Amino acid sequence: MASNLVIVESPAKAKTIEGFLGKDFLVKSSFGHVRDLYQKELSIDIANDFKPHYEISPDKKKLIEELKQIAKKSDTVWLASDEDREGEAISWHLSEALNLDMEKTKRIVFHEITKTAILEAIKNPRGIDLNLVDAQQARRVLDRLVGFELSPVLWKKIKPSLSAGRVQSVAVRLIVEREKEINAFNEISTYKVTGQFFINKGNEKVILKADLSTKFDTKEEALNFLNKCAEAEFTISDIETKPAKKSPAPPFTTSTLQQEASRKLNFSVSKTMVVAQQLYEAGKITYMRTDSVNLSDMAIDLAKTEITKSYGHEYSRVRKYTTKTKGAQEAHEAIRPTYMNNHTIEGDAAQKKLYDLIWKRTLASQMSDALLEKTNVTIDISTTPEKFIAKGEVLKFDGFLKVYMESTDDDIEDDESKGMLPPLNKGQKLDPKQIDAIQKYSQHPPRYTEASLVKKLEELGIGRPSTYAPTISTIQKRGYVVNEDRKGTERNYEIITLEENKIKETGKTEVTGTEKSKLFPTDIGTLVNDFLVSHFDRILDYNFTANVEKEFDKIAQGLKIWNEMIKGFYSTFHKNVENVLGDSERPNYERHIGIDPKTGKNVIVRMGRFGPVIQLGDNSEEEKPRFASPKKDQRIETITLEEALKQFELPRTIGSFEDEDMIAAIGKFGPYIRHKSAFYSLPKEDDPLSIGKDRAIEIILAKRQKDIEKVINIFKHEDKDIQVLNGRWGAYIAVEKTNYKIPKKTDPKSLTLDDCLKIINETPQETSNKKTYSKTTKKK
DNA sequence: CAGTGAGCGAGCTTCCGCTTGACTT
């Protein structure tokens, strides 16, 4: 029997560590926290110094019983949870839940999973740091108080089941405020000038591209400039060459991994975490929830060996990175391959891609700088003081770029065609091929992606590596935010070209505003945010977390008592909550967007009982107002009068067919036609606002034909209809509401009643265990 | 997954962080 019990947080970690320690050590995992406040109640005794009321988490009861038994038989229990606030609390909760004898309980910590680190830790045990535990209790209690007092305010004032919290509400605020910035953005255009010059390079002519250092605000200025160029002489006045270097990015943390996997692999934040978890459990990478960029000495050594072996020693450069992130707790290493010599791994496509990314990033982080030579060529124009600048770049030594280059979010960067320049001399006269002034529009600030939101939250010190993905799914589940694509719109721009002394104007169109997988606030998200910001500005302040973190740090250092800190916070917070609940005012967000020219009635958009609604006419008038729902992508804040009025054109009578009206409308499942109380979905290419009578009849007849074809056979069996039907995915058998697959090779037409019954009986009962990434369907 | 096209009703909802699992067909 093992005489030592070691408890760590993760089972994968337990497995590895068990190998390092002798037979005397049994290593078990706590699977994270084992106790928490009750899920359904506040569980904080406010009158009694905010005493928390803990319970063993329901899913941990069995585990605790098991650990209790083992602990009883062990000489020493080693609590080896992570070395941060939460980890310390886990150890403390374990000691309480297991009723551990503190005489034979030891607390140990290690940041890297290596044999030496663990043996070293065993040699240096300590007690549980109760100050650190108190800091965690303060964090936990504060979050519960905020969440469980704020959410009910929303239920009363806005609608049931909404939620608010220290982290999620600020995440929503970021998205709502960005959207407001975008709505308020004033697009302006300028004229950007680029010149192309002929250069003789031996016998051939090559083109030198150069940008003008100034941009013009108006077309007149651009034209004026081009006119001056028509008579000008172009001379190289200066060639400046200077060395430059690029350094690799630090190894991955959770947040940077999520960002890069999003940019390079198009992974959602939760997908990245699921795949990383698989790699971790397979022993391929280190722990994936970390805020540290630190690599263990062993990892640095392995990387150095690998780089020297694969690329030569001039590519190796040992680098130590330090974490600058606000509030980082650094309980783990950076995310890296467990074995640097595994360039690739076995696994599915996603696992391979993510591993490749991690491997390259880690290796590159230990490689030398890339060395460049940058050249700036200045071209004078004889008739005007503006100057053209041509830029060149030559890679002298690739260094880390041999394996990896980090991506950036600003993909709309001007593609200054940097490359090698042809041979040029100072004083050289240049022969212009053409000069273009292109109208460019200013860009509004970008909408957040899931990953760029994580980046922002991390910068603000809000949330932790283990909560980034869940937070993003929560704000979507509550309906505050949607992640979607939006189609762009066309706009015109101009190009003015000077070529062979002639000026030519060309009008062109481009598509602007296309969005792919971006976060948009919904109406309810905007409404909740505006309400919270106006009444609970302290909690919604971007610095709120950073401020309370300072206090938690003081508690951890023993300079502050945790429940006194909470008391200070709560007294003002709770008063605030009561005041808001006390005033009878309900947030009334409505926008009067204009007057209907046909009826002269007011057009109002507002949040109704069942979501956003457009109202035509006031409530007080004799005639009842008309209502319509906005389209899915229309928002209360931005919908125009024209768009709103359009929504009243449906339902619309198209004409009559077989003595009954055909009515076009948009329902829950998209546009449709109703005729004789039957419904016909409209294909994408048909618009319910404009569809004609003939086309509508065509759709109705087509559907009828399909319905006839749908039925292959009907059998009667014990008062039930057994139907063989044609569905979208081929033939199937339907009995009342249940459907059964027909084996692939059988011809559905040939099926007899007995065949059908056989299939029905052989089909196993439904196993509805759907796997999803984001939805954790917890129902009690 | 198998083709849909709502309307008051009682009682419930909710936080953030740590970690993975799932009684049986």
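Everything quoted here is computed from the prediction, not taken from an experiment. The chains referred to below are lettered A, B, ... by the order of the sequence lines, with proteins before strands, and numbering in each begins at 1.
A/Leu145 places its CG atom 12 Å from the C1' atom of B/dC16, with the value rounded to the nearest Å. Rounding to whole angstrom units, CZ of residue A/Phe31 and C1' of B/dT20 are separated by 6 Å. Distance A/Glu66 CD to B/dG21 P: 14 Å, rounded to the nearest Å. Straight-line distance from the CD1 atom of A/Ile90 to the P atom of B/dC16: 18 Å, rounded to whole Å. When rounded to the nearest whole Å, the span between NZ of A/Lys15 and P of B/dT20 equals 12 Å. The distance between atom CG of A/Leu63 and atom P of B/dT20, rounded to the nearest whole Å, is 13 Å. The distance from atom CD1 of A/Ile7 to atom P of B/dT19 is 16 Å, rounded to the nearest whole Å. For the pair A/Leu142 CG and B/dT14 P, the computed distance is 20 Å after rounding to whole Å.
The cationic atom of A/Arg173 (NZ for Lys, CZ for Arg) lies less than 6.0 Å from the six-membered ring centre of A/Tyr542 and within 45° of the ring axis. Annotation: cation-pi geometry satisfied between A/Arg35 and A/Trp92 (NZ/CZ under 6.0 angstrom from ring centroid, within 45° of ring axis).
Nearer the 5' end of DNA chain B, as judged by each residue's closest nucleotide, is the contact made by A/Ser57, out of A/Pro11 and A/Ser57. Where A/Ser466 and A/Val146 meet DNA chain B, the nucleotide closest to each residue was compared, and A/Val146 sits on the side nearer the 5' end.
Listed by first residue number, the stems of DNA chain B with at least three Watson-Crick or G-U pairs below 3.5 Å amount to none.
The aromatic ring of A/Trp155 sits over the base of B/dT13, with ring centres less than 5.5 Å apart and planes inclined by under 30°. Stacking annotation: A/Phe148 is stacked on the base of B/dT14 (ring centroids less than 5.5 angstrom apart, interplanar angle below 30 degrees).
Residue-level contact check: A/Tyr468 touches neither bases nor backbone, having no heavy atom under 4.0 Å from any strand. Nucleic acid contact for A/Gln168: sugar-phosphate only, since backbone atoms but no base atoms lie under 4.0 Å from a heavy atom of the residue. Contacts of A/Gln136 with the nucleic acid, taken as non-hydrogen atoms under 4.0 Å apart, are absent. Using a 4.0 Å heavy-atom distance criterion, A/Ser163 is classed as a sugar-phosphate-only contact. Residue A/Ala164 is classed as a sugar-phosphate contact, given heavy-atom separations below 4.0 Å to backbone atoms only. In this structure, A/Val167 reaches the sugar-phosphate backbone alone: every heavy-atom distance under 4.0 Å involves primed, P, OP1 or OP2 atoms, never a base. Looking at heavy-atom distances under 4.0 Å, A/Gly87 makes no contact with the nucleic acid at all. Among the atoms of the strands shown, none is found under 4.0 Å from any heavy atom of A/Arg35. Note on A/Arg85: nothing from the nucleic acid sits closer than 4.0 angstrom, heavy atoms only. When heavy atoms are screened at a 4.0 angstrom cut-off, A/Tyr280 is found touching the sugar-phosphate backbone but no base atom. Residue contacts shown for A/Gly165 are limited to sugar-phosphate atoms, with no base heavy atom under 4.0 Å away. Here A/Asp82 lies in heavy-atom contact (under 4.0 Å) with sugar-phosphate atoms only.
The pair A/Glu66-A/Lys28 counts as a salt bridge, with a side-chain nitrogen and a carboxylate oxygen less than 4.0 angstrom apart. Between A/Glu549 and A/Arg85 there is a salt bridge, with a side-chain nitrogen of the basic residue lying less than 4.0 Å from a carboxylate oxygen of the acidic one.
The structure places NE2 of A/His675 at 6.5 Å from CE of A/Met662, a figure rounded to the nearest 0.5 Å.
Checking B/dC16, B/dC15, B/dC18 against the side-chain heavy atoms of A/Arg166 singles out B/dC16 as nearest. Distance from the side chain of A/Thr474 is smallest to B/dC15 among B/dC15, B/dC18, B/dT20. The side chain of A/Ser10 has B/dT19 as its nearest neighbour among B/dC15, B/dG17, B/dT19. Which of B/dG17, B/dC15, B/dT19 sits closest to the side chain of A/Arg144 comes down to B/dC15. When each of B/dT14, B/dT19, B/dC16 is scored by its nearest atom to the side-chain atoms of A/Asp143, the top-ranked nucleotide is B/dC16. In the set B/dT13, B/dG17, B/dT19, B/dG17 carries the atom at the smallest distance from any side-chain atom of A/Thr467.
In this structure, A/Tyr38 and A/His53 have tilted ring planes: the angle between them lies in the 30° to 60° band. A tilted orientation is assigned to the rings of A/Phe531 and A/His535, their planes being inclined by 30° to 60°. Using cut-offs of 30° and 60° for the angle between ring planes, the A/Phe50 and A/Tyr570 rings count as perpendicular. Between A/Tyr287 and A/His332, the ring planes lie tilted relative to each other; the angle falls in the 30° to 60° range.
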What nitrogen or oxygen pairs link the protein and nucleotides 10-12 of chain B at under 3.5 Å?
none

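Between the side chain of A/Arg464 and the base of B/dC16, no donor-acceptor pair of N or O atoms lies under 3.5 Å.
Here the options are A/Gln137, A/Arg140, A/Glu96, the test is side chain to side chain donor-acceptor pair (under 3.5 Å), and the partner is A/Tyr54; only A/Gln137 passes.
Distances shorter than 4.0 Å separate none of the side-chain N or O atoms of A/Arg478 from OP1 or OP2 on B/dT13.
With hydrogens and angles left out, the side-chain atoms of A/Glu149 and A/His574 include a donor and acceptor closer than 3.5 Å.
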Test side chain to side chain donor-acceptor pair (under 3.5 Å) on A/Ser163 and A/Ser151 and set out the steps. CA-CA 5 Å; A/Ser163 67; A/Ser151 300; 5.3 Å; no

